[in-house]
There are 2 protein chains.
Amino acid sequence: MKYYVGIDIGGTNTKIGVVDADANVFLEQHIKTQSIDGAEKTFTRIWETIVSLSEQLSLDLSNLVGIGMGIPGPVVDNAIVKIAANFSWGNDFNAKQLMEQISGKPVFVENDVRTIALGEKLFGACKRYDNAIVIPIGTGIASGIIVNGKVLSGSSGFAGEFGHIMVNEHGQKCGCGLIGCLETYVSGPGLIREAKAHMLEQRNGLMFTEFQNKLDEFEAYHVFKYAELGDSIANLVLDNFAKHLAYGLGVLVNLLNPEVIVLAGGLAKSAEQIIQRVNQYLPKYALGISLPHLKITKAELADSAGIKGAAALILQHYTAQH
Amino acid sequence: MKYYVGIDIGGTNTKIGVVDADANVFLEQHIKTQSIDGAEKTFTRIWETIVSLSEQLSLDLSNLVGIGMGIPGPVVDNAIVKIAANFSWGNDFNAKQLMEQISGKPVFVENDVRTIALGEKLFGACKRYDNAIVIPIGTGIASGIIVNGKVLSGSSGFAGEFGHIMVNEHGQKCGCGLIGCLETYVSGPGLIREAKAHMLEQRNGLMFTEFQNKLDEFEAYHVFKYAELGDSIANLVLDNFAKHLAYGLGVLVNLLNPEVIVLAGGLAKSAEQIIQRVNQYLPKYALGISLPHLKITKAELADSAGIKGAAALILQHYTAQH
């Protein structure tokens with residue numbers, strides 16, 4: 001049987017999955033990325049894991065059609081990572097070439113957000129839509145923009161940087177160097193920072209009582225949990241979060257008129273709560289004519305989106321031949 | 001000789017041009033749109049003008065390959081105007097069908113901003129670029145977004161509504177019903193309103209002295225003129241205009257990573273002054289990584305962009321056969 005491998009490389013962990021032509025994941029393994037040791041060592045460990053997974057599945061490596069890799073940072077030509085954001089690899093790093101040398105298999109590389117969008121387009125929540133936007137929200141926020149059925153790269157691989165729309169001129173400094181980016185509010189760390197600030201200022205309510213002596217243990221999902229329990233600080237913070245997100249979605253709707261917007265990433269576990277609030281604010285920011293046609297929903301692939309989307313890079317090129 | 005007709009239908013005037021396969025305009029005529037009389041009368045007058053222009057050029061109507069029409073409002077399937085914005089035609093108006101009945105020729109219809117973008121893509125400032133954004137600034141502001149060489153329509157024909165990004169939550173009410181849209185600042189009327197407000201408040205300087213007794217005669221181009229003469233109110237107003245535009249362009253750059261942004265429309269006559277100021281503010285709103293690859297420039301087709309772009313709708317379909 002022909003098979004495929006999808007790899008989702010993150011700053012800390014790398015997920016490796018063996019899939020069939022329909023992107024069904026047979027077996028999946030997570031390893032540490034440890035990019036500090038250099039790309040060659042990381043990629044060699046990834047390849048060794050692929051060999052081991054293939055053996056466990058009794059699959060003959062000669063039937064491995066190819067490898068798809070999703071990597072954070074701008075990627076061009078399905079090959080070159082222009083800027084090493086969280087990695088100790090240099091800029092203009094030819095990830096395709098290195099992995100092809102190590103594996104002897106065809107390799108396609110893409111930005112990780114775009115692989116997630118591709119996964120949702122081919123196998124998940126955007127399957128029936130040609131104009132869609134997939135928005136992973138977690139440590140940061142970004143967007144995979146699908147236009148006429150294809151994921152948009154832009155002229156130099158930088159398209160989709162939704163998190164760096166400015167929403168507050170006098171806001172927080174963002175990791176990117178700009179001030180008041182959407183990401184400084186609409187992200188896990190942004191949510192935690194705002195919740196802590198409000199708890200320390202207002203010093204009341206269920207959530208504050210629970211965490212006043214262990215603020216270090218406070219996580220983003222607590223905001224959603226305590227908002228449901230009726231805590232007023234949690235509700236205020238979540239409302240601000242939703243308002244900022246609604247502003248960003250309004251921009252996307254006005255510019256791109258998508259059929260569907262899909263929330264993905266860690267915070268999408270609370271997608272229902274987010275969408276309900278976003279829908280209250282969206283009419284303030286998006287043209288009314290575009291809203292009846294718009295659906296906002298939750299990603300379908302959850303954690304496997306990265307693997308399936310990466311595998312899809314290969315599937316798109318090779319399955320037509322089978 | 002085979003020939004083509006491009007039509008740019010505006011709220012007040014309609015421009016009709018006869019072009020060859022390279023979109024060279026042989027002859028052009030402007031007539032009143034008078035949509036109040038109904039689409040059939042307007043389209044019949046347009047057709048009569050086409051017949052008259054053909055006669056003047058001694059062109060045989062049997063050689064007229066087809067007609068392209070640019071119309072304000074969302075257009076789908078190169079045929080149907082979804083919403084009659086400035087016209088007394090109903091919604092879901094099949095402009096293609098009506099014009100084909102009247103003329104007996106193939107007709108393609110598109111949103112006017114997208115025809116301008118298509119014109120600049122095929123014959124003007126975006127000729128060499130596959131990822132470009134054309135921004136007409138005049139009575140309003142909008143965008144024709146070119147992605148992978150094609151002008152983006154969105155899922156229901158509403159893409160490109162750049163003017164309705166919200167830039168001031170407590171700002172002016174916009175014609176679209178939203179509050180504080182970019183268009184309320186970055187447009188001819190917005191520029192005039194802001195300049196008048198500042199003149200009446202500050203009551204000093206060259207520009208105020210000139211216009212204090214004839215504010216009704218004040219036009220948008222005066223701001224550019226007096227800014228060059230060093231008038232401080234004109235410079236302040238133009239700076240705010242540029243700052244708001246830079247914010248909008250920052251959003252476009254972050255989301256779409258275009259190679260070129262082209263300023264078109266009436267205010268593009270002062271494109272140099274606008275671009276110079278926008279470039280000062282853009283690094284505040286756009287990711288630095290995308291800026292070295294970006295060119296901001298002036299439209300090349302000027303007033304004929306609408307005609308050439310509309311004709312291009314037909315040219316794209318038929319010239320391959322010649």
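Just so it is clear, the structure is predicted and the values come from calculations on it, not from any experiment. Naming: A, B, ... by sequence-line order, numbering from 1 per chain.
Only the side chain of B/L152 comes within less than 4.5 Å of a heavy atom in chain A; its backbone stays farther off. Both the backbone and the side chain of B/N257 come within contact range of chain A, with heavy atoms under 4.5 Å apart. For B/P283, the part sitting under 4.5 Å from any heavy atom of chain A is the backbone (N, CA, C, O) and nothing else. In this structure, chain A has a heavy atom under 4.5 Å from the side chain of B/L178, while its backbone stays farther away. The contact between B/Y247 and chain A is made entirely by side chain atoms (from C-beta outward), counting heavy-atom distances below 4.5 Å. For A/A286, the part lying near chain B is the backbone, with the side chain staying farther off; criterion is any non-hydrogen pair under 4.5 Å.
A cation-pi geometry, defined here as NZ or CZ lying under 6.0 Å from the six-membered ring centre and within 45° of its normal, does not hold between B/K121 and B/Y129.
Without hydrogens or angle criteria, B/E183 side chain to B/I141 main chain gives a donor-acceptor distance under 3.5 Å. Judged purely by atom type and a 3.5 angstrom limit, B/N78 has no side-chain atom pairing as donor or acceptor with the backbone of B/E110. Judged by distance alone, with hydrogens and angles left aside, the side-chain atoms of B/N111 form a donor-acceptor pair with the main-chain N or O of B/G73 at under 3.5 Å. With hydrogens and angles disregarded, a donor-acceptor distance shorter than 3.5 Å links the side chain of B/E120 to the backbone of B/L301.
The pair B/R128-B/E259 does not count as a salt bridge, with every side-chain nitrogen at least 4.0 angstrom from each carboxylate oxygen.
Between chain A and the options B/S153, B/S143, B/A142, B/A159, heavy-atom pairs under 4.5 Å are most frequent for B/A159. Interface summary for chain A: among B/V167, B/L287, B/I165, the most heavy-atom pairs under 4.5 angstrom belong to B/L287. Of the listed residues (B/S155, B/G157, B/G154), the greatest number of heavy-atom pairs within a distance under 4.5 Å of chain A belongs to B/S155. Ranked by heavy-atom pairs under 4.5 Å with chain A, the list B/S156, B/S290, B/C174 is led by B/S156. No other option in A/G160, A/C176, A/G250 has as many heavy-atom pairs under 4.5 Å with chain B as A/G160.
Judged purely by distance below 3.5 Å, without hydrogens or angles, the side chains of B/Y185 and B/N168 pair a donor atom with an acceptor atom.
Ring geometry for B/W89 against B/F93 counts as tilted: the plane angle lies between 30° and 60°, on a 0 to 90° scale.
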